[in-house]
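In each ligand, atom 1 is the first atom listed, and ligand 1 is the first ligand listed.
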Amino acid sequence: MLILVLNAGSSSLKYQLINPKTAEVKASGLCERIGIDGVMKHEIAEHRKLEIEQPMPTHKEAIEFVLNILTHDDTKVIENINEISAIGHRVVHGGEYFKKSTLITKDVLQKIEELIPLAPLHNPAHILGIKICQELMADKPNVAVFDTAFHQTMPEENYLYAVPHEDYIEHHLRKYGFHGTSHHYVSNEAINMLNKKESKVIVCHLGNGSSICAVKNGKSIDTTMGLTPLEGLVMGTRSGDIDAGVIPYLMDRKGMNSHEIVDYLNKKSGILGVSGISSDLREVLKEAEDGDHRAKICIEMMCNRIKKYICSYMGQLGGADAICFTAGIGENADVIREKVCTGLEFLGLEIDKKENKKRKSGNREIQKDSSKIKIFVIPTNEEYVIAKDTYNLVKKA
Ligand code: AMP
């Protein structure tokens, strides 16, 4: 059984063909510049990489091209599309409707459409991806795996904003949280590593987009992202937490409208805005090493914000059994892990600096023997979770 995992963006399409039982990835890739010209980056079983220019006027041609490359000529990894059992779609926003992954029916699709105002950039692209798959592979089930679903267990006091309650009732204004698939997977791995019945885990998903999640007994009780992915940590190009008063101030002083503000806070801020160098942390770390002041400040800001939330979530959880680091920065940037943990020894968090610096694959522990709290590095695998959820739902159905 093979599952095709799709993540359709507004002008892109990420895909993986996965065996959900073994986690083997048969092929993966990314179609970019859909509707502009079209480029596909394709990888076969992690050993052969291709870059192909291919006109992709719409997502339909992109998905057709993906199916074609999987089944034809020397890039063939399956004989025909009958070997694909189902399609798992990453869907950013499931609102309050979806607390877990679900088989896609007419009703489910309609609800994802209803949620467009909450995710105007993402949900329309996901819907398009789903509809094209239903058209091109009419006999195959489709499953939606939501970024928000894992956080639906947050208590009211954590998901409500301190604004007039009518706006929650009428306009669904609340914290939803994102990266749920990753937080779910990583916290689950951590709980297995802890081998404890009752657990308090804090997951730091630090990538281009970043969020932290407090997980009590396997359930999300709070997370840093909010109504949109803008809230919380300092990210690649997002500001994270900011005084809401900044918005009218900028509107008045710079004559910006709401679209320009959204662009400013989402695409021009964060690591890119503060450092003035790049949204890619590797470049900023390099400049900081060479003494660049803004690069250094940017890294301190980022780490302080992470520390602030770790402490806050330890307060809410009443301690922690493990702090987990995952995603591009969390898995690879030992400097950031060390900076975040240093100074938190008073909480019982002691990082082993040597162990932290070692480059190893798979799940690992980087705390000192004397540390009361475990520190885990756990590579995230969102596509695998989507494939597994899809497989389990299809098997049940
Ligand atoms: P992601 O969104 O999970 O792919 O993460 C992307 C971020 O991870 C970018 O800011 C990269 O600079 C960062 N990253 C990846 N590898 C490293 C590394 N070896 N050291 C520091 N940052 C890294």
Side-chain angles (χ1 to χ4, degrees), residues 5 7 9 12-16 25 28-30 32 41 43 46 49 90 92 121-122 147 177-187 189 203-213 223-225 229-230 232-240 266-290 292 294-303 305-306 324-342 351 353 355-364 366 376-386:
V5 174
N7 179 0
S12 67
L13 177 82
K14 257 192 188 168
Y15 58 91
Q16 277 198 12
V25 177
S28 63
L30 172 67
E32 288 177 300
K41 288 179 185 137
E43 195 170 333
E46 289 181 11
K49 291 184 185 176
R90 176 200 178 220
V92 162
L121 297 178
H122 294 97
D147 258 25
F178 298 88
H179 291 142
T181 313
S182 174
H183 288 303
H184 191 181
Y185 172 77
V186 172
S187 58
E189 291 289 299
V203 180
C204 305
H205 177 112
L206 311 176
N208 191 32
S210 300
S211 68
I212 302 189
C213 182
T223 191
T224 54
M225 284 179 166
L230 184 54
L233 303 178
V234 176
M235 309 179 216
T237 57
R238 297 189 191 118
S239 65
N266 275 291
K267 302 211 173 122
K268 300 196 172 114
S269 299
I271 296 176
L272 172 67
V274 177
S275 72
I277 297 163
S278 167
S279 63
D280 189 317
L281 184 73
R282 282 167 291 201
E283 289 180 37
V284 179
L285 283 170
K286 205 169 142 277
E287 291 299 321
E289 249 176 53
D290 294 343
D292 185 276
R294 276 169 65 183
K296 283 190 195 165
I297 290 294
C298 172
I299 291 161
E300 296 302 321
M301 278 172 77
M302 214 184 110
C303 293
R305 190 81 57 90
I306 299 168
C324 315
F325 290 95
T326 193
I329 296 171
E331 290 166 33
N332 300 300
D334 55 274
V335 190
I336 299 298
R337 291 194 300 256
E338 185 180 320
K339 266 189 182 296
V340 166
C341 294
T342 303
I351 193 165
K353 292 184 182 172
E355 203 56 44
N356 179 43
K357 281 201 163 46
K358 287 183 189 162
R359 294 222 154 255
K360 284 185 187 169
S361 58
N363 297 352
R364 59 197 183 102
I366 55 165
F376 295 149
V377 180
I378 300 177
T380 194
N381 196 342
E382 287 158 283
E383 287 80 9
Y384 174 54
V385 178
I386 297 174

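Remark: E338 pairs with K357 by the side chain to side chain donor-acceptor pair (under 3.5 Å) rule, at least two apart or across chains.
The aromatic rings of H179 and H205 lie parallel to each other, their planes meeting at an angle below 30°, with 60° marking the opposite boundary.
Residues N208 and M235 approach most closely at O-CB, 3.4 Å, considering heavy atoms. Nearest heavy atom pair, residue G273 against residue R294, reads O-NH2, 3.6 Å.
Nearest non-hydrogen protein atom to atom 18 (C) of ligand 1 is N332 CB, 3.4 Å. Closest to atom 12 (O) of ligand 1 among all protein heavy atoms lies D280 OD1, 2.4 Å. At the top of the distance list for atom 10 (O) of ligand 1, counting protein heavy atoms only, stands L281 N, 3.1 Å. Among all protein heavy atoms, the one lying closest to atom 14 (N) of ligand 1 is G328 O, 3.6 Å. For atom 6 (C) of ligand 1, the closest non-hydrogen atom of the protein is N208 N, 3.6 Å. Nearest non-hydrogen protein atom to atom 13 (C) of ligand 1 is I329 CG1, 3.6 Å.
Only the side chain of R359 comes within 4.0 Å of ligand 1, judged by heavy-atom distances.
Considering each of R282, E331, E283, M235, the one bringing a non-hydrogen atom nearest atom 23 (C) of ligand 1 is R282.
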Distance-only criterion, 3.5 Å: show the donor-acceptor pairs between side-chain atoms of residues 326-333 and protein atoms not counting sequence neighbours.
from: T326; atom 1: OG1; to: E331; atom 2: OE2; distance (Å): 3.2
from: T326; atom 1: OG1; to: I378; atom 2: O; distance (Å): 2.6
from: T326; atom 1: OG1; to: T380; atom 2: N; distance (Å): 3.0
from: E331; atom 1: OE2; to: A327; atom 2: N; distance (Å): 2.8
from: E331; atom 1: OE2; to: T380; atom 2: N; distance (Å): 3.0
from: N332; atom 1: ND2; to: G328; atom 2: O; distance (Å): 2.8

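E300 and K339 are joined by a salt bridge, as a carboxylate oxygen and a charged side-chain nitrogen come within less than 4.0 angstrom of each other.
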